[in-house]
Amino acid sequence: MNTATRCWRRGRALAVALTAGLTLLGTLPASATTAADYARPPAMRSMIVSPANTHAALLARAPSGRTVLTMLDLKAPGTPRVIKAYDDVDIVEVSWVNDRRLVYSAQQPGALIEYEKWGTFAIDLDGNEEQHLVTARSDTVSDTGSRMRQRVLPRGWDFWRAVGDGSDDVYMTRWLDSAERGLSPQVVARVNTRTMAQRTVSEGAPEGATGWWFDAAGRLTVVTTAKGDREQLWWQPAAGEPWQVVREWASYDSEGKGLEPQALERDGTLIVAARATGDTQALHTFDLRQRKLDPAPLVGVAGYDVNQVIFDHRLQQVIGVPVDAAQRTTVWFDEGLARAQAVVDKALPAGRSNVLLCGQRCAGATRFVVASAGDRQPWEYFLYDVAAGQLRPLGMTRPWIDPATQGRRSAYRIPARDGLQLPVIVTHPPGVAADQPAPTVVLVHGGPWAPGASLTWEPESQFLATRGYRVLEVSFRGTTGLGWKHEQASWRQYGLAMQDDLQDAVRWAVAQKLSDPRRVCIYGASYGGYAALMGPVQHPDTYRCAASHVGVTDLSMLFSANWTDIAALGRKVGLPRLIGDPQADADMLKRMSPVNRAADIKVPVFLAQGRLDQRVTPEHADRFVSAARAAGVDIERVDYEEGHGFASTSALTDFWQRLAAFFDRHIGTR
């Protein structure tokens with residue numbers, strides 16, 4: 001029997017086991033979903049596997065509404081056991097230190113967090129031996145309520161990662177908040193999570209560090225730094241020797257010299273992401289002694305940046321590479337892991353993103369947690385037992401969502417008017433044929449220098465699709481992960497070519513008979529909110545309405561410390577290059593600011609603002625609404641006690657209900 005036949009039979013057996021196992025999860029709801037169903041937090045999230053792959057920690061939503069820390073024994077899976085819960089705070093992050101100990105952070109829910117309602121702790125997997133690591137207080141000791149006092153790190157320290165050598169030690173970073181640089185790390189220390197014994201490991205390292213990498217012996221060996229608009233890669237060949245600059249490049253690198261270190265392997269090889277031979281980033285090896293980048297990529301994907309690795313702490317080497325394209329895939333260097341991935345992919349429904357979750361020792365693992373999601377299926381978890389050839393369900397993040405009621409998502413690449421390729425994700429309304437024009441919402445992502453949409457299930461686009469709208473998510477120029485040309489094409493193009501990309505996508509959708517040209521609206525948050533307001537300004541014949549959440553309305557306010565939380569260095573170096581110089585480009589910034597173009601808007605506008613927003617402050621909304629009303633714009637405004645995003649489920653539910661009602665009035669068929 002050949003290898004291909006053996007794999008096929010194993011895949012068939014797994015598929016049968018999976019089908020049978022799904023019945024254990026109960027019957028999915030058949031009733032129509034509401035805004036509250038999409039805004040509702042997931043029932044479970046952040047399943048993190050222990051280093052030896054024997055247990056999984058996960059954050060679960062308790063009946064009280066609090067997020068609690070639970071533990072699942074992967075050797076004999078049953079109901080997860082709660083090991084830590086609070087009445088008034090949520091557990092928000094968890095990481096493994098070793099096979100018996102974890103670190104978690106807890107904080108008060110909401111847009112504003114009181115310092116006394118926040119902290120970082122270590123705990124054993126059985127819920128015992130808890131140790132307070134970081135407190136909200138500014139001193140270095142905390143009263144335990146008895147005659148004993150314990151050492152606790154003060155506010156400003158943060159958990160970074162486990163050391164990964166089997167000890168109870170972790171790396172902690174101390175951050176400094178300055179007007180010039182904002183929050184930036186200053187010190188790295190190795191801290192024992194039981195005794196709180198602390199040792200600084202960044203002593204003598206170059207200042208202005210943005211990243212640290214340790215060799216197999218735990219010595220800090222490689223550091224990246226940033227100063228002004230320059231970045232450097234430093235190396236210390238041996239303890240006590242001087243640090244050397246082995247590479248330097250401009251922060252906004254147009255010459256392809258920039259490196260993003262990913263891992264330092266046991267033999268001293270540095271794995272980096274770089275643009276060595278093309279427009280997109282690929283993974284390469286970098287010889288520190290020769291100061292030379294190997295031009296032959298380890299992994300590269302046409303049209304997409306590759307800049308992540310999976311590191312095995314036992315082997316001290318990279319064993320896999322996640323690739324985030326329209327659908328997430330993983331390239332495994334280890335034969336056993338590649339085989340496990342292939343078997344899981346064959347067992348689960350086609351078209352899914354299936355992520356193998358393993359601990360710090362992935363190579364040779366005999367069990368994996370699998371995180372899987374499709375375009376209509378929210379993320380769910382499975383346990384894959386390699387020896388038994390079984391794949392069994394562990395739980396769903398949103399069991400109240402019925403995949404049969406969700407919209408199909410499809411991926412395209414279309415040319416912009418200047419030839420630049422734009423990835424577009426389309427969410428089709430359920431029950432509407434692919435070639436049947438539908439009322440359309442252009443959903444613009446924030447950032448704008450941030451990743452775009454993928455094919456996996458998303459609550460906001462699905463909420464709109466199930467209300468009858470075809471949703472277009474465009475990776476307009478500037479969307480990250482698509483190469484240098486795509487990113488650089490966005491510089492100083494707020495309201496200009498970036499806006500044209502959105503219109504080009506609408507024209508394409510109309511030509512493909514996806515969209516009804518008489519019923520198109522534009523919506524987004526943050527930068528997306530800005531683009532939504534500029535849509536009817538720049539392209540008045542394209543949109544019938546516009547909806548903006550926490551959207552920028554005055555570009556000049558981004559350069560003022562009074563109106564933004566962007567650090568001075570970002571306003572001085574980054575924003576002038578990316579958006580425009582506040583002096584030299586003052587006329588352009590004024591012309592491309594919605595607050596100054598309100599009179600050009602001839603369609604209804606829905607605007608939502610967080611009164612606690614420190615990134616796009618309420619003055620953006622206040623000034624725009626005043627200008628819009630003075631110009632006779634049909635505008636509806638709602639305010640929430642929220643920040644730059646929604647922390648409250650009830651507020652998000654209310655917003656989505658209002659948003660859908662707004663679209664229904666202007667382009668809907670309901």
Side-chain angles (χ1 to χ4, degrees), residues 48 50-52 55 57 69 71 83-84 91 93-107 115-116 118-176 183-207 209 211-223 236 238-240 243 264 266 311 313-314 316 359-361:
I48 310 296
S50 65
H55 293 79
L69 176 58
M71 186 62 57
I83 65 170
K84 192 64 184 181
I91 297 178
E93 292 180 324
V94 60
S95 298
W96 286 91
V97 178
N98 51 44
D99 283 319
R100 61 190 177 277
R101 197 152 176 80
L102 306 97
V103 167
Y104 73 87
S105 294
Q107 69 181 39
Y115 277 122
E116 60 268 23
W118 170 89
T120 302
F121 305 83
I123 194 171
D124 283 349
L125 63 83
D126 59 5
N128 295 321
E129 297 294 325
E130 188 170 23
Q131 169 66 45
H132 199 168
L133 299 180
V134 183
T135 181
R137 295 174 54 172
S138 57
D139 54 7
T140 56
V141 294
S142 176
D143 197 339
T144 63
S146 68
R147 295 182 179 180
M148 297 180 63
R149 296 171 71 84
Q150 64 185 90
R151 299 174 61 191
V152 182
L153 294 171
R155 188 171 69 240
W157 283 87
D158 189 31
F159 168 75
W160 175 26
R161 67 171 179 84
V163 172
D165 59 358
S167 71
D168 292 325
D169 292 0
V170 297
Y171 290 123
M172 307 286 290
T173 54
R174 187 173 186 177
W175 294 70
L176 176 67
L183 280 172
S184 56
Q186 302 296 307
V187 174
V188 182
R190 180 167 173 157
V191 179
N192 185 280
T193 61
R194 295 189 189 275
T195 67
M196 293 301 293
Q198 174 184 342
R199 175 172 60 88
T200 300
V201 294
S202 58
E203 190 77 32
E207 295 183 357
W212 304 270
W213 288 266
F214 296 82
D215 64 16
R219 182 180 67 84
L220 182 60
T221 305
V222 173
V223 171
Q236 187 185 42
W243 284 88
L264 185 62
R266 181 179 296 277
F311 190 74
H313 286 264
R314 178 180 56 187
Q316 288 289 308
Q360 297 171 2
R361 301 186 290 276

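What's counted below: heavy atoms across the whole structure, side chains too, no hydrogens, waters or symmetry copies.
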Pick out which of Gln360, Arg361, His55 makes a side chain to side chain donor-acceptor pair (under 3.5 Å) with Asp99.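 Only one option passes, and that is Arg361.
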
Decide yes or no on salt bridge (Lys or Arg N to Asp or Glu O under 4.0 Å) for Arg100 and Asp126, but give the supporting numbers first. CA-CA 8 Å; Arg100 61 190 177 277; Asp126 59 5; over 6 Å; no

What pair of heavy atoms forms the shortest contact from [X] to [Y], and how long is it?
| X | Y | value |
| --- | --- | --- |
| Gly218 | Tyr171 | O-OH, 4.0 Å |
| Arg151 | Ala197 | NH1-CA, 4.3 Å |
| Val134 | Pro154 | CG1-O, 3.6 Å |
| Ser202 | Leu220 | CA-CD2, 3.9 Å |
| Gln316 | Ala216 | OE1-CA, 3.7 Å |
| Val163 | His313 | O-ND1, 4.2 Å |

For Ser95, give me all partners under side chain to side chain donor-acceptor pair (under 3.5 Å), at least two apart in sequence or on another chain. none

For Arg101, side chain to side chain donor-acceptor pair (under 3.5 Å) partners two or more places apart: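 Partners of Arg101 by the side chain to side chain donor-acceptor pair (under 3.5 Å) criterion, ordered by chain and then number, come out as Asp124, Thr193.
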
Would you mind reporting whether [Y] and [X] have side-chain heavy atoms less than 4.5 Å apart?
| X | Y | answer |
| --- | --- | --- |
| Met172 | Val187 | no |
| Leu125 | Trp96 | yes |
| Phe159 | Val170 | yes |
| Leu264 | Thr221 | yes |

Between [atom1] on residue [X] and [atom2] on residue [Y], distance to nearest 0.5 Å:
| X | Y | atom1 | atom2 | value |
| --- | --- | --- | --- | --- |
| Gln186 | Arg174 | CD | CZ | 9.5 Å |
| Leu153 | Asp158 | CG | CG | 10.5 Å |
| Ile123 | Asn128 | CD1 | CG | 7.5 Å |
| Leu102 | Ile48 | CG | CD1 | 10.0 Å |
| Gln107 | Glu93 | CD | CD | 8.0 Å |

Check whether Asp168 reaches the backbone of Arg194 with its side chain - one donor and one acceptor, N or O, closer than 3.5 Å. no

Does the Arg219 side chain pair with the main chain of Gln236, one donor and one acceptor, at a distance under 3.5 Å? yes

For Gln198, is the CD atom crowded, meaning more than 12 foreign heavy atoms sit under 6.0 Å from it?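 Yes - once you tally the heavy atoms of other residues, nucleotides and ligands closer than 6.0 Å, there are more than 12.
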
For Gln131 and Phe121: C-alpha separation, side-chain torsions, deciding distance, then whether side-chain contact (heavy atoms from CB on, under 4.5 Å) applies. CA-CA 6 Å; Gln131 169 66 45; Phe121 305 83; over 6 Å; no

Run the numbers on Leu133 and Met196 for side-chain contact (heavy atoms from CB on, under 4.5 Å), then give the verdict. CA-CA 8 Å; Leu133 299 180; Met196 293 301 293; 3.5 Å; yes

Check the orientation of Trp160 and Phe214. Use parallel for under 30°, tilted for 30 to 60°, and perpendicular for over 60°.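 Ring orientation of Trp160 relative to Phe214: tilted.
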
Give the intermediate values and the outcome of side-chain contact (heavy atoms from CB on, under 4.5 Å) for residues Trp212 and Thr173. CA-CA 11 Å; Trp212 304 270; Thr173 54; 4.0 Å; yes

Go through the structure and list residues passing salt bridge (charged side-chain N to carboxylate O under 4.0 Å, His left out) with Arg314, not counting sequence neighbours. none

